[in-house]
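Take a look at the structure below.
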Number of protein chains: 2
Amino acid sequence: MASRVTIVDLANQLGVSRQTISNVLNAPHRVKEETRIRVARAIEESGYRPNAAARQLRNHVSKNVGMRLQPAGNGISGTVLTGFLYGLTEAAHSHGYRVTLYCADSDEEEISRYEELVTEADLDGFILTATHHGDQRAAWLAQRGIPFVAFGRPWDSGRDVSDAGHSWVDVDGRSGTREATEHLIAAGHRRIGYIGWPNGSGVGGDRRSGWLEAMTEHFGTEDPAPLIYAGEDTAASGSSGAATLLARGATAFVCASDSLALGASAYLRQSDQPALASAVVGFDNTPVAAAVGLSSVSQPVESAAAEVMRLLLGHLNSPTAEPQHVLLRPRLELRDLQPFNH
Amino acid sequence: MASRVTIVDLANQLGVSRQTISNVLNAPHRVKEETRIRVARAIEESGYRPNAAARQLRNHVSKNVGMRLQPAGNGISGTVLTGFLYGLTEAAHSHGYRVTLYCADSDEEEISRYEELVTEADLDGFILTATHHGDQRAAWLAQRGIPFVAFGRPWDSGRDVSDAGHSWVDVDGRSGTREATEHLIAAGHRRIGYIGWPNGSGVGGDRRSGWLEAMTEHFGTEDPAPLIYAGEDTAASGSSGAATLLARGATAFVCASDSLALGASAYLRQSDQPALASAVVGFDNTPVAAAVGLSSVSQPVESAAAEVMRLLLGHLNSPTAEPQHVLLRPRLELRDLQPFNH
DNA sequence: GTGAAAGCGCTAACAC
DNA sequence: GTGTTAGCGCTTTCAC
C-alpha cells in the first residue's frame, strides 16, 4: 500500500486550502502566480496524484474511452488491429485518457455494453469499427449525445457513404492501389492486372478503384475487365488470378491483400517468367509480406489512431462540434522479393 | 443524459434504507429473503446500476485490470495478441472486470505506469507478457503486493525459469512440436528436419526440444544435429533450411514459425519432390497458414487468457494465494496444402 | 485570489 | 434484519 497523499494532506502541508490545490490543477489562471508555483512544486515533490474515482464521481467524466474488440476474423484483426490499438492507447495517454476494452457478439450486444459502460463506468466516448450505413450503434450513440468516432468509413453494400452524420477516420485504399499501379507503370509495365475480391465489399471496391483509376488515366481506352480477377481471400486464389491474368498478357499485379499477393508471386516464380514475381504488390503490409519480401501497401494505422483520438477529443470538448472526416494516404512499402523458394 | 437512478432513488421508492439495497447486492445473506426478492426485482426493473466511481472511491477497488500493449514487433503481437486480448476481455467481463490498456517503451516506463495506474485509477491487477528471470516489473509488483499474472514463462537467456515466484500461464511449445513430429512419424516419415532459430531464445529452444524429444524417443541413437537448421525468421530462411535438410535426406519438416514453414513448403513444391511440401508443419497458426493451407501448431490463446484471468482472480480475492503455473497444450491444426503456386 | 460548505453515490461500522 | 452515521477525495458554488 503506497501511502496515498491526498489533496488535503497537501493543503495542510502547504498551509493553503484544498481548493487552491484543485485550482492549480484545473484552473491555474485563478491562482496567484507565486502560489501556483509553490503548489506545483509541492505536487511534484510529494508525488500527489488526483484520485480518478473521486474526480469521476464528482464530474461524471472518467477520462476513459472504450473500444470493442472483435473476435478474430471479423472486421480488422491481427497486425492492423494491434497497430491501431497501440496507436490509440498512446494517443489517448498523451491526452490524459485511458482505453477500456470490451467485447460484444453483435451490434445489439454492443449497445447494451454502451449502456453499461456509460452509466456504470462513465466512459466518455467510443471508437467504432466496421460501421455501415444506418448503423444502429451510431444512431444509438448519436441520439444520446455520446461522443464517438469510427475507424473506417461507413460502407453500405459496397458503396461508400461518406456523408454519414458522424466523424470517421479511414485509410484511402484507392490511393494506395493507385500508387502501387503507378509505381508499376513507372517501372515500364503496361498490362497490369488486379487480383481482388468479388463485388460487394466496400473495402474491396475501394481498393479496386485505385487501380482502375490509374489504368484509365494512363491507358484510357482499353477495356480493363480482362485484367481483373476476383476470388476469395486466399493464396490459392491469388495463384489462380496470376495464372489467369498472365495468360491474358498481364506483366504485373496489384492485389487487394497480402494473401492474394503471396499466391500470385509464388505462382509467377515457378512460371516461365519468374522475374514477374517481383512485379506483385500486396495490401496491408502484414508480417507475411515482410517475411517473403513482398512489396505491399501499408496502412498508417498509428496515425489513423492519433486522428481518431484527435476527432474524439474535439467531440469530448465541445459536444456540438460538427462531424469531421479524415482520409489518410497509405504508403507503398517497396521490397526486394526474397528468393524464398530456391 | 440518461436519467441515472441511484441507490437512494431506489430506497425511497421501495421504502427501505439504501443500506438494504447495498446489502442485497453485496451481502445478500444479511437480508431477509422476502425483502431481497422484492429489492432484486426493483433493481431489475429500474435498470439501476451501481456507480463504479462511487464504489471505487469507497473501496479502492476499480474492478479493472491492466495490460501493456507492446509496439508491433516486440513480444507477442498480431494474431496471437489479438486473440489473447479478446479472450482476456471476455474472461474479465464474465467476472465483472474490465481491461485497461497502456503503453510503455521500456520496463522502467512500465513501472511508472503501474504507479500511475494503481494510485490514480486503482487498477486491481496486471497481466505481464515477456517476463524474464529477475524481471524488475515482477519484483516491483510483488514487493507492493499488487496482484499480477504473466502470460509466458519467464525465460532467461534461453533457459526456462519456471520456478519464478509468480503466477504464469503459458503454452507448451515443446508439446506442440512434439505432436507435430509424431504426426509426421505416424505418416511414415523417419528423417524429419527441424527448421528454427539460432540458440538463445527461450521460446525457440522450447519448440525445438519437442521435436528433439520425439525424434530421440522414436529413433534413439541417431544424431539429430544434421537434421537441424537454424536461421532468421523469414520465408527465405525457411527455404534455405528445407534445401539444406532435403539434401541431407529429410522427408518432412517441423518449423518454429509459419514464416519458416511458408518458405520451406514453397521451396519443396518446386523441388524434385513437390509432394513433400505437405509434410511441413508451422507454428502459431497465423492467417498465412490458413491462406496457403499449411498445417500449423495452434496456440489456445483464448483459453490461455481465461486461465490468466482465473489465476489473477485468485490473487485478487486472496492476496496470500500461492503462485500457480499453468502450461497449456497447443493443438495441431492439420490442413491440406493448397496448390497455390499452380 | 482564497477559504468554507456541500455533495457526487456508495458501503463499513455500528446501533436499533 | 434493518436503519443511521460517517466518510472515501474531489470540485462547483458561493462568501470573504
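Treat the numbers as computed from the prediction; the structure is a model and nothing was measured. Order of the sequence lines sets the chain letters (A, B, ...), proteins ahead of strands, with each chain counted from 1.
- A donor-acceptor distance shorter than 3.5 angstrom exists from the side chain of A:Arg153 to the backbone of A:Val171, with no hydrogens or angles considered.
- Note: CD (A:Glu33) to C1' (C:dT2) measures 16 Å, nearest angstrom.
- One can place CG of A:Leu57 at 14 Å from P of C:dG7, the figure rounded to the nearest angstrom.
- Take A:Gln70 and apply the side chain to side chain donor-acceptor pair (under 3.5 Å) test, not counting sequence neighbours, and it matches A:Thr129.
- Qualifying side-chain contact (heavy atoms from CB on, under 4.5 Å) partners for A:His132, counting only residues two or more places apart in sequence or in other chains: A:Asp107, A:Asp135.
- Shown are A:Leu128, A:Thr131, A:Leu141; of these, the side chain to side chain contact (heavy atoms under 4.5 Å, CB included) with A:His166 is made only by A:Thr131.
- For the salt bridge (charged side-chain N to carboxylate O under 4.0 Å, His left out) test, residues two or more places apart in sequence or in another chain that qualify with A:Glu120 are B:Arg49, B:Arg98.
- Along DNA chain D, read 5' to 3', the first and last nucleotides having any atom under 4.0 Å from a heavy atom of chain A are D:dG9 to D:dT12.
- Checking side-chain atoms of B:Gln56 against main-chain N and O of A:Leu57 turns up no donor-acceptor pair under 3.5 Å.
- A donor and an acceptor atom, one from each side chain of B:Asp9 and B:Gln13, are nowhere located under 3.5 Å apart.
- Taking 4.0 angstrom as the limit, A:Thr20 places none of its side-chain polar atoms (N or O) nearer than this to OP1 or OP2 of C:dG1.
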Check nucleotides 10-14 of chain C against the protein and report each pair of N or O atoms closer than 3.5 Å, with its distance, or say if there are none.
unit_1 : atom_1 : unit_2  : atom_2 : d
C:dC10 : OP1    : B:Tyr48 : OH     : 2.6
C:dC10 : OP1    : B:Asn51 : N      : 3.0
C:dC10 : OP2    : B:Ile7  : N      : 2.6
C:dC10 : N4     : B:Arg18 : NH2    : 2.1
C:dT11 : OP1    : B:Asn26 : ND2    : 2.9
C:dT11 : OP1    : B:Arg55 : NE     : 2.8
C:dT11 : OP1    : B:Arg55 : NH2    : 3.2
C:dT11 : OP2    : B:Ser22 : OG     : 3.0
C:dT11 : O2     : B:Arg58 : NH1    : 2.3
C:dT11 : O4     : B:Arg18 : NE     : 3.3
C:dA12 : N6     : B:Gln19 : OE1    : 3.2

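- Paired with A:Val65 under the rule side chain to side chain contact (heavy atoms under 4.5 Å, CB included), one option of A:Leu313, A:Leu117, A:Leu123, A:Ile127 passes, and it is A:Ile127.
- Axis angle between the ends of the helix from C:dG1-D:dC16 to C:dC16-D:dG1, five pairs each and rounded to 10 degrees, works out to 40°.
- The main-chain N or O of A:Val61 is never found under 3.5 Å from a side-chain atom of A:Asp124 such that the two would form a donor-acceptor pair.
- A ring-centre distance under 6.0 Å is not found for B:Tyr102 and A:His93.
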